[in-house]
Number of protein chains: 2
Amino acid sequence: MTWDFDRNRPIYLQIGEEICRRIVRGDLPPGARTPSVRELAAELRVNPNTVQRAYQELERNGVLFARRGQGSFVREDPALVGRLRQQIAAAAARRYWTEVAALGMSPEEARRLIAGVIHDDKSSLR
Amino acid sequence: MTWDFDRNRPIYLQIGEEICRRIVRGDLPPGARTPSVRELAAELRVNPNTVQRAYQELERNGVLFARRGQGSFVREDPALVGRLRQQIAAAAARRYWTEVAALGMSPEEARRLIAGVIHDDKSSLR
DNA sequence: CTTAGTGTAATAGTAAGATAGTACAGTGAC
DNA sequence: GTCACTGTACTATCTTACTATTACACTAAG
């Protein structure tokens with residue numbers, strides 16, 4: 001999976017967010033080994049330093065831990081997945097509402113717009 | 001209105017977005033003069049060059065036009081407001097759905113989450 | 001022990017955003 | 001004409017994200 005970054009935001013942040021998404025989805029369950037720094041850097045066509053910075057950030061936030069010579073792993077905290085899911089989703093929802101409210105959009109229209117986008121996306125899958 | 005920037009995104013982009021929001025809301029109707037470069041720079045505690053860059057960007061996108069010695073103005077294109085409103089809102093909705101879908105969230109939950117956030121916000125206004 | 005793979009650290013260089021300061025060009029009011 | 005405002009342009013400097021490269025410390029497998 002090569003993948004496109006938002007050029008206007010630091011890559012290391014976007015990598016961290018992607019790791020968290022994989023954890024929430026269950027692709028990276030607690031205890032699992034994450035891709036190594038060099039491995040992920042090659043996959044994303046990015047410098048290893050950038051990946052390492054992302055991992056350090058995640059370690060500081062209690063998401064990962066690292067073992068020299070072995071790799072980095074998802075923490076085994078049972079509350080982790082739920083916490084991440086809740087944090088990310090709530091932030092996304094809040095951001096959406098903040099943005100459209102700043103346009104003067106009504107709650108009803110804000111809800112309708114989301115429903116429409118979701119519906120269009122579903123029907124475009126075939 | 002002093003106002004806080006997202007430190008992880010270029011300020012000039014955020015200024016441009018705020019101008020567009022003001023246009024959509026009607027605070028800056030077509031034909032209206034925008035704050036001068038120096039004026040807005042002072043208001044936002046930002047360098048005049050940064051504001052100028054935002055204005056240039058908006059001029060390239062057909063949102064503003066400038067007259068030396070007079071100021072910058074919102075274009076009088078009758079479709080402008082609707083176009084901006086549609087663009088910004090649709091992008092916001094799409095981004096929200098992309099984000100939560102990447103967590104594995106269902107359409108129903110995505111809609112419920114938005115409804116909850118909007119409701120909480122309304123009831124916190126008093 | 002050797003080897004290959006891991007995380008970690010340090011250095012140097014590049015590019016972009018932002019600041020500071022100055023200067024020039026056009027407009028309108030006096 | 002003068003003055004005060006506008007947009008516009010340019011240079012220099014700083015900071016940060018990112019790249020490139022090298023090196024070291026640790027672990028597991030052979």
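Throughout, a chain's letter reflects where its sequence line sits, starting with A, and its residues are numbered from 1. Here the structure is a predicted model, which means the values were calculated and not measured.
The base of C:dG7 does not come close enough to the side chain of A:Arg67 for any donor and acceptor atom to sit less than 3.5 Å apart.
Residue B:Ser72 has a polar side-chain atom (N or O) positioned under 4.0 Å from OP1 or OP2 of D:dG7. OP1 or OP2 of C:dT19 lies within a sub-4.0 Å distance of a side-chain N or O belonging to B:Thr50. Look at B:Tyr12 and you won't find any side-chain N or O under 4.0 angstrom from OP1 or OP2 of C:dA18. For the pair A:Gln56 and C:dA9, the criterion of a side-chain N or O lying under 4.0 Å from OP1 or OP2 is met. Checking the phosphate oxygens (OP1, OP2) of D:dT8, no side-chain nitrogen or oxygen of B:Arg53 falls inside 4.0 Å. Taking 4.0 angstrom as the limit, B:Tyr55 places none of its side-chain polar atoms (N or O) nearer than this to OP1 or OP2 of D:dG7. Phosphate proximity of D:dG7 to B:Gln70: absent, as no side-chain N or O sits under 4.0 Å from OP1 or OP2.
The 5' end of DNA chain D is approached more closely, in terms of each residue's nearest nucleotide, by A:Arg38 than by the other of A:Arg38 and A:Gly69. Along DNA chain C, the nucleotide nearest A:Asn49 and the nucleotide nearest A:Ala66 are compared for position; the residue whose nucleotide lies closer to the 5' end is A:Ala66.
No side-chain donor-acceptor contact under 3.5 Å links A:Ser72 to the backbone of A:Ala66.
Surrounding CZ of B:Arg75 are at most 12 heavy atoms belonging to other residues, nucleotides or ligands under 6.0 Å away.
Taking atom CG of residue B:Leu64 and atom P of nucleotide D:dT6, one finds them 16 Å apart after rounding to whole Å. Look at CD on B:Gln14: it is 12 Å from C1' on C:dG17, rounded to the nearest Å. Between A:Leu58 atom CG and C:dT8 atom P the separation is 12 Å, expressed in whole Å.
Comparing D:dA25, C:dA20, D:dA9 by their nearest atom to the side chain of B:Asn47 picks out C:dA20. When distances run from any side-chain atom of A:Ser36 to the nucleotides C:dG7, D:dA9, C:dA10, the shortest one goes to C:dG7. Comparing atom distances between the B:Val46 side chain and each of C:dT19, C:dA9, D:dG7 picks out C:dT19 as nearest.
A:Arg33 comes within 4.0 angstrom of sugar-phosphate atoms only, judged by non-hydrogen atoms across all strands, and of no base. Note on A:Glu39: only backbone sugar-phosphate atoms sit closer than 4.0 angstrom, heavy atoms only; bases stay farther off.
For the pairing with A:Trp97, the side chain to side chain contact (heavy atoms under 4.5 Å, CB included) check across B:Asp121, B:Asp120, B:Ile114 returns one residue only, B:Asp121.
No side-chain heavy atom of A:Glu99 sits under 4.5 Å from any side-chain heavy atom of A:Met105.
The heavy-atom pair separating A:Thr98 from A:Arg94 by the smallest distance is OG1-O, 2.7 Å.
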